[in-house]
Amino acid sequence: MGQDELQLLLEFANELPPLPADMEQAAMEPVPNASRRCSCMSDAVDRGKVRLYFSAPAEAPTTRGFAAILAAGLDQQPAEDILAVPDDFYTDLGLAALISPLRLRGMSAMLARIKRRVRASIRLYRLAP
């Protein structure tokens, strides 16, 4: 334990899906508290599933790893499942003891941004005729 989790996180950095060709970086929301430039976007899709998109520079492998974990675990999941993810889910992954508090805040900020967008989408959906 320890270095194995850190190595997996860094390997996940290589798994972050690229943005779709028709999506512009300007459409993405910057994530506050992330130690490196990171942006995310979420959109509701058919049957209550949520699409997630992330952008993080290659020179920020930890940030890219966090984004890739969120993308792998939450992309195309129901809004309710995303909202139920604990804010400190990285603790269960064994990362809290390995990663600096600043970087953990960045990971929490990514999840918080996603949850905020999902909640806003739910409210808009309920208001739609």
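Small disclaimer: the values here were computed from a predicted structure and weren't measured.
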How long is the straight-line distance from CE of Met110 back to OG1 of Thr63, given to the nearest 0.5 Å?
5.5 Å

For residues 64-73, which residue pairs pass the side chain to side chain donor-acceptor pair (under 3.5 Å) check, not counting sequence neighbours?
none

Could you give the distance from CD1 (Ile69) to CG (Leu9), rounded to the nearest 0.5 Å?
5.0 Å

List the steps, then state whether side-chain contact (heavy atoms from CB on, under 4.5 Å) holds for Asp75 with Arg51.
CA-CA 5 Å; Asp75 187 36; Arg51 289 300 326 255; 2.9 Å; yes

Look up atom CG in Leu74 and atom CZ in Phe54, then write down how far apart they are to the nearest 0.5 Å.
7.0 Å

Non-hydrogen atoms of Pro61 and Ala13 that approach each other most closely:
O-CB, 3.2 Å

Looking only at heavy atoms, the pair that brings Val118 and Ala79 closest together is CG1-CB, 3.5 Å

For residues 82-96, which side-chain N or O atoms pair as donor and acceptor with protein atoms under 3.5 Å away, sequence neighbours left out?
unit_1, atom_1, unit_2, atom_2, d
Asp87, OD1, Lys115, NZ, 2.8
Thr91, OG1, Asp88, O, 3.2

Nearest-0.5 Å distance that lies between atom OG in Ser108 and atom CZ in Arg103:
14.5 Å

Look up atom CG in Leu70 and atom CZ in Phe12, then write down how far apart they are to the nearest 0.5 Å.
10.0 Å

Closest heavy-atom pair and its distance - Leu19, Ser55
CD1-CB, 4.2 Å

To the closest 0.5 Å, what do you measure between CG (Leu10) and OG1 (Thr62)?
5.5 Å

